[in-house]
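In the text below, chain A, chain B and the rest are named by the order of the sequence lines, each starting its count at 1.
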Number of protein chains: 2
Amino acid sequence: MSARKKSAARRKTTASSSSGSRKKASTKKKKAARKKATGQKARKKKARKKTASAAKSVAQTARRKATLRSKQAASRSSGAGETSRVVFYFGDGQADGRAELRDTLGGKGANLAEMTNLGVPVPPGFTISTAVCSEYNSRGRRLSKSVRADVLTALARVEQSRGRRFGDVDRPLLVSVRSGARVSMPGMMDTVLNLGLNHETVEGLAVLADERFAFDSYRRFIQMYGDVVLGVPHERFEHLLETRKLRLGVDLDTELEGNDLRGLVREYLEIVEEHTGQPFPQNPEQQLWGAISAVFDSWQNERAVAYRGLHGIDEAWGTAVNVQSMVFGNMGEQCATGVAFTRNPSTGDAVFYGEYLMNAQGEDVVAGIRTPQPINESSRTADTEGLATLEEQMPKAYRELVRIQKRLERHYRDMQDIEFTIEEDKLWMLQTRSGKRTTAAAVRIAVDMANERLIKREEAIARVQPSSLDQLLHPTLDRSEPLAVIARGLPASPGAAVGQVVFSAEEAETRSKAGERVVLVRIETSPEDILGMHAAQGILTAKGGMTSHAAVVARGMGKCCVAGCGSLAIDYAANEMRVGEHVIRAGDSITVDGSTGDVILGTVPTVIPELGVAFEELMTWADRFRKLRVRTNADTPQDAEMARRFGAEGIGLCRTEHMFFQPERLLVVQEMILARDAVTREGALSKLLPMQRQDFEGIFRAMAGLPVTVRLLDPPLHEFLPKTNEEIQHVAEHTGSEVGEVRAKVDSLHEWNPMLGHRGCRVGITFPEIYRMQVRAITEAACVVASEGVKVKPEIMVPLVAHPMELLLLRSEIETEIAAVRSERPRCRVKPEIGTMIEVPRAALTADVIAEYADFFSFGTNDLTQMGYALSRDDAGGFLADYVERGIMADDPFVSIDEQGIGELVRLGAEKGRSTRPRLKLGICGEHGGDPQSIQFFAGLGFDYVSCSPYRVPVARLAAAQAVVAGLPG
Amino acid sequence: MSARKKSAARRKTTASSSSGSRKKASTKKKKAARKKATGQKARKKKARKKTASAAKSVAQTARRKATLRSKQAASRSSGAGETSRVVFYFGDGQADGRAELRDTLGGKGANLAEMTNLGVPVPPGFTISTAVCSEYNSRGRRLSKSVRADVLTALARVEQSRGRRFGDVDRPLLVSVRSGARVSMPGMMDTVLNLGLNHETVEGLAVLADERFAFDSYRRFIQMYGDVVLGVPHERFEHLLETRKLRLGVDLDTELEGNDLRGLVREYLEIVEEHTGQPFPQNPEQQLWGAISAVFDSWQNERAVAYRGLHGIDEAWGTAVNVQSMVFGNMGEQCATGVAFTRNPSTGDAVFYGEYLMNAQGEDVVAGIRTPQPINESSRTADTEGLATLEEQMPKAYRELVRIQKRLERHYRDMQDIEFTIEEDKLWMLQTRSGKRTTAAAVRIAVDMANERLIKREEAIARVQPSSLDQLLHPTLDRSEPLAVIARGLPASPGAAVGQVVFSAEEAETRSKAGERVVLVRIETSPEDILGMHAAQGILTAKGGMTSHAAVVARGMGKCCVAGCGSLAIDYAANEMRVGEHVIRAGDSITVDGSTGDVILGTVPTVIPELGVAFEELMTWADRFRKLRVRTNADTPQDAEMARRFGAEGIGLCRTEHMFFQPERLLVVQEMILARDAVTREGALSKLLPMQRQDFEGIFRAMAGLPVTVRLLDPPLHEFLPKTNEEIQHVAEHTGSEVGEVRAKVDSLHEWNPMLGHRGCRVGITFPEIYRMQVRAITEAACVVASEGVKVKPEIMVPLVAHPMELLLLRSEIETEIAAVRSERPRCRVKPEIGTMIEVPRAALTADVIAEYADFFSFGTNDLTQMGYALSRDDAGGFLADYVERGIMADDPFVSIDEQGIGELVRLGAEKGRSTRPRLKLGICGEHGGDPQSIQFFAGLGFDYVSCSPYRVPVARLAAAQAVVAGLPG
């Protein structure tokens, strides 16, 4: 994305601060609420009217006294009188408030005061404190006389500072009136801009700027004030606007000329009078009281009340009101407007970076009519070749801007995103905030700032979003050109993949071996597809969620995956899929983006990011801080090696079942399952033994010196059996069984709820010879590798324990087998630890007893979530998205651990386990082991390690360090 | 079962007390242990030999002093000297010990003392206290001199009491030496009978009784002593016995004559000498020390150590040794032996009841050669017509027996099972214990005894096993004739059923309508079979456990069911099944017994028991004590009425889905599911509304005045959809859909783990119109019935809540719908309570928040167990039985609540719920609501009610009363 486009997109979202278009409520409910509010406003208006003349005289008196008072105020220390002060002025380098008074001034007010105190030129104004909001409500929605007096005093200071007068025809002062609560409630409350315009001042503005701008501002002001303060439905104004555009045959608001807008203003004023029975208020002071009251009222509007309910915001806090002088960047050639970043937000380079437009306002950028210019040479791009810079055009203002941006960055200790306007060669800062940045920039900026001693290393660690690191590790699409996105699924595993479509795992393997790049497209995947998934560049499925088989396995492989793309209609028989009007056949090229979920027709170039020095430096710091160890889930030596390169400190979960699915082995596994008795079964197992031993040897070598937790066989046996008639035929032929026999076995092993069925240690208990073979393979492999002088630390893990007796029994069988191997190899000193998964709710509840037989616990939070939540991740697609959307669940509980419920089980299990065995090693090997939010939770519980897929290892390292930095125990 | 047969069967189990045959250990391990013990014994024997002569002189001196001492002892208060006393004499109506000294005397010793003190004629003897066991072990397995002296003193008193002398040729005293620990450890330790026999005394016994008996006793003594004390393998003796029988061509031991046994004794003595290198000890005192030591040693034998480990018995407790004079019922015509019950154990009638044999020993009854005679007229049966009674033959002894049995019953306050022997017209009581009885007798005896003021009503309540009440409510098979049992399954739902085999629910319905009685036989059942199950007399399935669909539904209907009968090979296509060599075709008659699991060819007559007055009286008392209310699970007015007759106090679970399976409704339900949008769906729902309303009206009427909890739709929608092609075709035709459309819906709703899928309130959230219809039906029905003047207390229950937000959302929708109905019917004052199931582990863990939105909690412990234990009850068949058998689980957790694990979840849920809402109503509606053990647990947690199937209501009422009586809170 070019800087230009980014800036435009960004303005769209921030334009409201200068152009004032506010989001419209549109549901019936909101209309009803507004109707009600209108009634209230009408009643209040009558009451207000009576006091209006009185207020006017007070205001005039106050204005005369303003000069004197402002001098007195300036000499007062900013701390004095704070407790009784309710109106806080800011401007001319001095403010009554400061950042710490957020509770009193609201977030916006406090920041405006802070910037002012920093010596940054902020358009002057004042903040009416949150205390007034309470008073206003307790007085039956009225402003007290003393508040009114203080407001007028502050207003007089603003007039003096700007050299303009409220209601003055030649040099009219215009102000914005905005809400600002203690915490940000974006879009929840009301705002009025350009207040102070009337029949007379609009003409003055037309002279200062131009007619079109003046009347457009007036039109907007009438609509905004009409809607917010007077309760005129905004649709009525919009209807008039649309009608006029239709009549003139124009599409855009910007195509209307000054005269058109003048006419529109007339019509708007008629609408107001018709609706309220009163002419639109021409007295700016009257406008001001109306707007201030409306902002206070908006604290109680339906949206705000709902928002507070959702976010636990106390109603008593109230909102402050900010009244600030408007400034304009379009009042002539000595005017400009722009945005800038204190460092490059794409690369993190420590250079001042930004763009601007002469004689313009923010909207002009949005409209895209003019190309923004670079503020300096380092901001110049291919698009802006030949354009003058701000540095060249307005050197004085530019120098001040440079001085200010440095000051702001130093003060806020972070890269700032700033908005500025130059009005008549005078620089005004409208906003500063921490700037959004790419992950690469975030890492670079954090590390640079720590090295510049601007922030501490702890802060550098805290500044980078751990989950964003994924971006750095995977290829991404070059999105500089528009893409033919034909569908969007779930961004299940990040990265981008380009290749020819294949619809079966076998074809993926075949074509991959032939050197082709393929994308595997399936309705959903199953364990038999593993090798095809490995062979493919990326995976695309029509069904399944973020934790479906495809998603989990793909993340484990670090392979791009888009899952649950419901709009694909896949027809395996025809070897094609339909997406809307597109028909995509096997062999056609597609591109999938696992970071966005996009499915794109054709081939899109990809970019492989470099990790860079800053990344390595940040990781080193993280490792020094964190207490939680980070292991990886890896089933092959290749995965183990990769994870080790990413910093894994061992394997927390080595699944043995994936090894069983390799075609030459699957038949032996099937032979074992179909065995009529233990002897035949042992025969098949003895064929598997050397294969398993070899697997483990490779993994132990790759993880030399580090612990490797091997989980004994977990899935139900029926997962290894054939499904279709042909498959059954094939298996019968190759295992020497009869077809009927195979089919009978398949039928007899069928389960209604396999998740709660005959699997995990239950299989190990009913068929002890299976675990015996695996334990032997692990121990023998460890002995072999140890004899090569490599340090081996095997850990044997029993899955699905629900009852302590299961572990007691299996532990004794495992120990017997280890002893048998060691008696055959007297020189081998390997002694595997024996532990268990805690993945069944009952295991967590009885963990105190289970701990008697376990050297370690590894929490399988995937299954714990499935059972504890009664939520099958394969089946939750039908309602889970709905649930998250409707706010029933805050997050997908398979992505971030559900702290309230499943987390409570984890906490119970950890506490109970350690009550029996205080040094019990505790780990996590569910998907949550790679989720930063969950890692914080586990760190807080004093876990020893998390285990996650290889690509998540850096994420976990950083998140674990953040858990320490955040001051959490652990 | 006739009294005669019962008595014989019973003797088989108790014969060891008089005939002394002890259980033989037979495993290799045990042999090894014995071998080791033999070595120890050999060493000890040498040591013993040295002290033997010294002991002899001590014994003689002691015997001389015995007369004097026994007089002193008699004058001592029985409490004095207890602390230092280690040998406790009993006999002649006075005992040193008493029942309370169980820790010192062991159970048997304390009871013998107690009986003696009661004035019951017990053969005299003495108990060597458990303290000696410790001393014996700490002294390196030696008896101290002072103990030996005390033993000889006590022995002298026994000699005096019986007028016989140890080792005397004419009137030899024979004793038994038995262990007796604080708690019973049946068969774990050693026993020696007939001690005191040698070459000389055996001849004396031959004169007193007869030669055959004397030498048989001697033979047994040698074998027993040889095995237990001298370590001679018992196989060697058995081998000689078998060889002799073979040579003589006889089958039974009893066929050997006196002379044969005389020869066998010679051979036995040779074996002993050959094995030990010593002749068999002829000195009775030497025999005694050997036997006492052997009993103490047996406290440490492998069996006993293992038993203690399993039952948590402290090793330090030690065992006592009981030495007691032998008595013989076969020493002439003034001798007899018998057993009796203080009341009739079949009916509970308060009459003395028993049988006996003249000049006989217990073995004669076991051998079945002679028919036992009735002790009195009330004990006479058809079998014993014409036989003399004890009352007639030995009136004096009979009168004493009557006196004693009354005394024993009054003392032990329960119906006693007593064993007696009359030796030379002298009545001796050998044993008394609480007698086994039928359920009808248990109820009758408990109520009678309470009315006789023998026990309190609380005790009467505690005396009846709640689960046994099932026997009283269901028909049972007449088992007086042998039955052709062809298979055995699980006794899934009690009662008996006789009828013609049908293999489909439809046929069950058709033939039942035609007036035939049918038994529905299925591989397994599913919800579509409900009506067929209703129509059948009983249900038999080949697959599924105690909590399979068939079992649960059958228990709910109170219908007999045998489930999981694996030996049935059912062939639906051929309309037949094979069981072993039998082929049973549709229409053949079978009988199934749901109380035993038996499947029987042909028609067996059934007996319907009467509940009787005693039952009603007991239930009334139970109701007065219990605090837990008992509701029922009922889905129809018929079930509700039946449950009410059994005492149900409301409906705790009215499932609405069964109503949906009626054929005429199922199509409408399917139409609803297939609806393409909410409007079409509402159309179908509007057809269901009047049907549901009618259902609820009937139930509310049946439960007038009592609460009715209606659970909103729970199963996943796919349960209502067709499966086979024909069914799909049929549904498509009748709902106006296309076949492809129906199939696509079936496919799209398929779930891998439906238990954890889109069901319960999740369906209610994604399709709000379904719950809306149900809430409307409930509220409208309540209004209609209330308008008839009937008191209606509806409770609406939301299933499968896992997250508080689900209930918050649904509660608001339910309240809105109730308000809508009430606004249409302003005169209706019905206000349903709204509550939730707690059946998901997460719900229990977050119950404090959920309680904010719930008027009541009903714990669904079935699903809570399935999820908490990761145990699908449909799939657990493959390993659950194995697990229970191997001791991994104590019980099937679907039968009795797993207190350690799932119970902990229930406790957490209840506590958390009440922490928010202290008066929150708590109930149980899982299968555990009808299980007495579980009911105790729930009562202890302070639950308000349990809900169970109608036939379990009396069981629950009694169990709830027992929970109070047992002093548990609640």
Side-chain angles (χ1 to χ4, degrees), chain A residues 543 716 748-760 762-763 765-766 800 802-806 808-809 839-846 849 863-880 882-883 886-890 893 898 900-905 908, chain B residues 543 716 748-760 762-763 765-766 800 802-806 808-809 839-846 849 863-880 882-883 886-890 893 898 900-905 908:
Chain A
K543 281 180 117 180
S748 80
L749 289 181
H750 169 262
E751 293 185 317
W752 295 105
N753 288 287
M755 175 58 49
L756 311 176
H758 193 174
R759 67 182 189 96
R762 294 163 187 178
V763 173
I765 283 172
T766 46
L800 207 79
H803 196 292
M805 284 293 284
E806 292 170 324
L808 167 63
L809 205 129
E839 56 184 332
V840 175
R842 193 185 191 280
L845 294 162
T846 58
V849 190
D863 279 7
L864 208 54
T865 301
Q866 296 201 76
M867 294 164 199
Y869 227 131
L871 206 60
S872 158
R873 64 181 188 192
D874 294 325
D875 303 317
F879 59 94
L880 196 56
D882 229 35
Y883 261 50
R886 292 183 68 175
I888 296 174
M889 296 173 184
D898 155 42
Q900 186 190 29
I902 308 308
E904 179 66 10
L905 271 179
L908 276 173
Chain B
K543 281 181 119 183
S748 80
L749 288 181
H750 168 264
E751 292 186 317
W752 296 104
N753 289 286
M755 175 60 49
L756 311 176
H758 194 176
R759 66 182 189 95
R762 295 163 187 176
V763 172
I765 284 172
T766 47
L800 206 78
H803 197 291
M805 284 293 283
E806 293 170 324
L808 167 63
L809 205 129
E839 55 183 335
V840 175
R842 192 186 191 281
L845 294 162
T846 57
V849 190
D863 278 7
L864 207 54
T865 301
Q866 298 201 74
M867 293 164 198
Y869 227 129
L871 206 59
S872 157
R873 64 182 189 191
D874 294 326
D875 302 319
F879 59 95
L880 195 56
D882 230 34
Y883 261 51
R886 294 182 68 174
I888 295 174
M889 295 174 184
D898 155 42
Q900 188 191 27
I902 308 308
E904 179 66 10
L905 271 180
L908 276 174

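- By the 4.5 Å heavy-atom criterion applied to side chains, Arg842(A) and Leu871(B) are not counted as neighbours.
- A pairwise comparison of heavy atoms in Thr766(B) and Phe879(A) identifies CG2-CB, 3.9 Å as the closest pair.
- Residue Asp898(A) touches chain B through its side chain alone, counting heavy-atom pairs closer than 4.5 Å.
- Both the backbone and the side chain of Ile765(B) come within less than 4.5 Å of a heavy atom in chain A.
- In this structure, CG in Leu905(B) is found 7.0 Å from CG in Leu905(A), a value given to the nearest 0.5 Å.
- For the residue pair Val840(A) and Gly868(B), the shortest heavy atom distance occurs at CG1-O, 3.2 Å.
- Between chain A and the options Ile902(B), Leu809(B), Asp882(B), heavy-atom pairs under 4.5 Å are most frequent for Leu809(B).
- For the set Gly757(A), Gly901(A), Ala870(A), Gly887(A), the entry with the most heavy-atom pairs within less than 4.5 Å of chain B is Ala870(A).
- With respect to chain B, the highest number of heavy-atom pairs below 4.5 Å among Met755(A), Glu806(A), Arg762(A), Met889(A) belongs to Arg762(A).
- Between His803(A) and Tyr869(B), the ring planes lie parallel to each other; the angle is under 30°, not in the 30° to 60° tilted range.
- Contacts between Val763(B) and chain A at a heavy-atom distance below 4.5 Å are absent for every atom of the residue.
- Put simply, the side chain of Asp875(B) never gets that close to the backbone of Glu751(A): no donor and acceptor are under 3.5 Å apart.
- With respect to chain A, the highest number of heavy-atom pairs below 4.5 Å among Leu845(B), Thr846(B), Ile888(B) belongs to Ile888(B).
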